[in-house]
2 protein chains.
Amino acid sequence: MTQTNGKPAPGRRNSQYQKRLSSVLRAASKVIARDGFEGASVREVAAKAKIGLSGIYYYFESKDELLYALQHHAFSTLIESLQEKLAQLSSPEDRLKAVFDNHFQYFANNMDDLKVCVHEIESLSGKYYKKVLKVRQEYYGLVKSVVAEVTGRKNYATNLATLSLFGSLNWVYMWYDKEKNIDIDKVSSQFLRVFLNGVKAS
Amino acid sequence: MTQTNGKPAPGRRNSQYQKRLSSVLRAASKVIARDGFEGASVREVAAKAKIGLSGIYYYFESKDELLYALQHHAFSTLIESLQEKLAQLSSPEDRLKAVFDNHFQYFANNMDDLKVCVHEIESLSGKYYKKVLKVRQEYYGLVKSVVAEVTGRKNYATNLATLSLFGSLNWVYMWYDKEKNIDIDKVSSQFLRVFLNGVKAS
DNA sequence: GTATAATTAGAACGAACGTTCGATTTATTA
DNA sequence: TAATAAATCGAACGTTCGTTCTAATTATAC
């Protein structure tokens with residue numbers, strides 16, 4: 001299940017195909033993160049991926065599908081790695097810490113992808129939007145259930161707290177500065193502490 | 001100081017001029033909030049404002065200046081109304097409550113404007129970007145000082161807490177549903193409670 | 001080595017965009 | 001009412017965009 005679209009099997013040159021495809025994805029991530037989806041041009045993505053303009057359309061049927069692939073892959077990875085961490089933890093507070101750490105770690109290692117996920121949520125429509133919405137809600141549901149373990153109830157307040165939490169996490173790309181070598185683990189711990197104390201006291 | 005640009009004085013028909021101008025701003029706010037700045041077309045803004053395409057350029061010198069006017073006005077209003085509220089309060093917790101309420105009230109009454117402020121921060125460049133950055137940082141500094149009153153210190157933790165707070169507030173437009181008649185005051189109280197308990201316990 | 005499929009390259013399309021310009025209409029002044 | 005300024009309009013310009021198509025190239029298979 002490494003394929004993101006319905007293209008015919010790429011034969012034995014599979015490894016070359018995959019390398020090209022992921023270089024296109026990496027380029028797209030960079031350009032879209034910098035210019036926004038509407039502002040990003042397929043021409044520049046192609047140039048950055050060292051491929052012809054029309055070459056993009058051998059790997060993706062449209063600019064939309066490119067964005068879809070980026071977002072879907074990022075959310076899937078986030079969910080997968082979070083579930084792996086959660087499977088080994090039982091204490092609600094440890095599990096909540098895993099939520100924070102998982103998100104921040106993914107952010108630290110894939111800033112452009114996460115920014116594209118957060119900032120271009122509404123740039124898709126139709127089937128692509130629906131598919132991304134589904135995994136996004138899956139991720140949201142997962143986090144919400146962990147928050148509910150801490151608060152002890154699945155009520156409106158827990159729901160709002162989760163939304164507040166997502167706000168905090170999703171805003172990070174706006175102020176985090178790679179150049180400043182900020183310790184992302186400390187940020188995660190600090191965010192966790194404030195949120196945890198906040199919901200426990202309520 | 002009702003003028004946002006350096007246009008010549010509009011004579012006695014000032015009232016008509018101002019009405020047109022604000023109808024352009026309202027239309028722009030709607031369209032940009034829905035389609036994003038890059039995706040929004042000046043043609044549709046003009047249509048929604050019931051003016052010719054070229055008429056827009058009588059009031060604004062460029063699409064960029066339009067966005068600048070929207071953002072600068074929104075931040076200025078946010079700062080002004082917050083300062084009015086703060087001037088009458090002395091208790092740190094009451095003042096923090098005023099920060100939440102002020103932001104949520106403005107959001108409730110000007111959703112499109114606030115969304116454009118949050119979502120299109122990076123859509124400007126050059127002089128317009130710098131000017132908006134300035135008022136944005138003024139607003140940030142104001143909120144941060146109130147948070148510092150509650151925590152009792154202006155350290156790194158307070159700084160991070162403020163960033164976390166802004167994330168929560170700025171994310172609201174992504175999930176708030178006007179149709180569902182959500183009580184925005186309750187949302188504000190709930191967000192305040194979690195944040196306040198969080199920073200007090202730390 | 002020849003046929004077949006996978007991949008790339010280049011040129012071109014129509015559409016939409018922000019902006020400009022000159023003419024025209026509407027309002028104000030005297 | 002005549003002269004002046006403010007405001008609006010419609011048409012057009014040049015550019016960039018996403019996408020398509022066909023031909024060429026490269027790798028695989030027999």
Side-chain angles (χ1 to χ4, degrees), chain A residues 2-3 5-25 27-28 31-32 34-70 120 123-126 128, chain B residues 2-3 5-25 27-28 31-32 34-70 120 123-126 128:
Chain A
T2 53
Q3 205 99 342
N5 50 23
K7 285 263 151 51
R12 333 291 126 85
R13 293 183 65 248
N14 204 301
S15 124
Q16 274 297 331
Y17 178 89
Q18 291 296 339
K19 272 184 186 163
R20 283 282 204 191
L21 188 140
S22 69
S23 91
V24 169
L25 285 172
V31 176
I32 296 175
R34 198 194 55 202
D35 299 338
F37 180 68
E38 291 276 358
S41 89
V42 180
R43 280 167 174 83
E44 190 177 356
V45 173
K48 274 215 158 55
K50 282 170 183 166
I51 200 177
L53 166 60
S54 54
I56 297 284
Y57 292 87
Y58 180 73
Y59 292 93
F60 296 95
E61 70 173 5
S62 67
K63 192 187 177 188
D64 279 6
E65 199 204 334
L66 232 179
L67 178 58
Y68 160 76
L70 280 175
E120 308 298 340
S123 298
L124 289 178
S125 60
Y128 291 137
Chain B
T2 53
Q3 205 99 341
N5 49 21
K7 284 264 147 53
R12 332 293 124 85
R13 294 182 64 249
N14 205 302
S15 126
Q16 273 297 332
Y17 178 89
Q18 291 296 338
K19 272 184 185 164
R20 281 285 204 190
L21 188 138
S22 69
S23 91
V24 169
L25 285 172
V31 176
I32 296 176
R34 198 195 54 203
D35 299 338
F37 180 67
E38 291 276 358
S41 90
V42 181
R43 281 167 174 82
E44 190 176 357
V45 173
K48 274 216 158 54
K50 283 171 181 162
I51 200 177
L53 166 60
S54 54
I56 297 285
Y57 293 87
Y58 181 74
Y59 293 93
F60 296 95
E61 70 174 5
S62 66
K63 193 187 177 187
D64 279 5
E65 200 205 334
L66 232 180
L67 178 58
Y68 160 76
L70 280 176
E120 307 299 338
S123 297
L124 289 177
S125 61
Y128 291 137

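Every chain is numbered from 1 and lettered A, B, ... according to where its sequence line falls, protein lines coming before strand lines. The structure displayed is predicted, hence computed values, not measured ones.
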Whether B/Tyr17 and B/Tyr58 hold their rings parallel, tilted or perpendicular, with breakpoints at 30° and 60°: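 The arrangement is perpendicular - the two ring planes meet at more than 60°.
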Atom-pair distance ([atom1] on [X]; [atom2] on [N]), nearest Å:
X       : N      : atom1 : atom2 : value
B/Tyr59 : D/dA7  : OH    : P     : 6 Å
B/Lys19 : C/dA27 : NZ    : P     : 14 Å
B/Ile56 : C/dG18 : CD1   : C1'   : 12 Å
A/Leu21 : C/dT7  : CG    : C1'   : 13 Å
B/Asp35 : D/dC17 : CG    : P     : 19 Å
A/Gln16 : C/dT7  : CD    : P     : 10 Å
B/Ile51 : C/dG18 : CD1   : C1'   : 16 Å
B/Glu61 : C/dT19 : CD    : P     : 9 Å

Atom pair [atom1] ([X]) and [atom2] ([Y]), whose distance is rounded to the nearest 0.5 Å:
X        : Y        : atom1 : atom2 : value
A/Tyr128 : A/Ser123 : OH    : OG    : 14.5 Å
A/Glu44  : A/Asp35  : CD    : CG    : 6.0 Å
A/Asp64  : A/Phe37  : CG    : CZ    : 4.5 Å

Residue pair A/Ala49 / A/Arg20: nearest heavy atoms and the distance that separates them: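 Nearest heavy atoms, A/Ala49 then A/Arg20: O-NH1, 3.9 Å.
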Residue pair A/Glu61 / A/Glu65: nearest heavy atoms and the distance that separates them: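 Minimum heavy-atom separation between A/Glu61 and A/Glu65: N-OE1, 2.8 Å.
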Does the side chain of [X] get closer than 4.0 angstrom to OP1 or OP2 of [N] through an N or O atom?
X       : N      : value
A/Tyr17 : D/dA27 : no
B/Tyr57 : C/dT19 : yes
B/Tyr58 : D/dA7  : yes

Side-chain (B/Lys63) to main-chain (B/Ala40) donor-acceptor, under 3.5 angstrom: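 It does hold such a pair.
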Output one line per pair: protein atom, nucleotide atom from nucleotides 10-17 of chain C, and distance, for all N/O pairs under 3.5 Å.
residue : atom : partner : partner atom : Å
C/dG10  : O6   : A/Ser54 : OG           : 2.7

Whichever of B/Ser62 and A/Arg20 has its nearest DNA chain C nucleotide further upstream toward 5':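 So the residue in question is A/Arg20.
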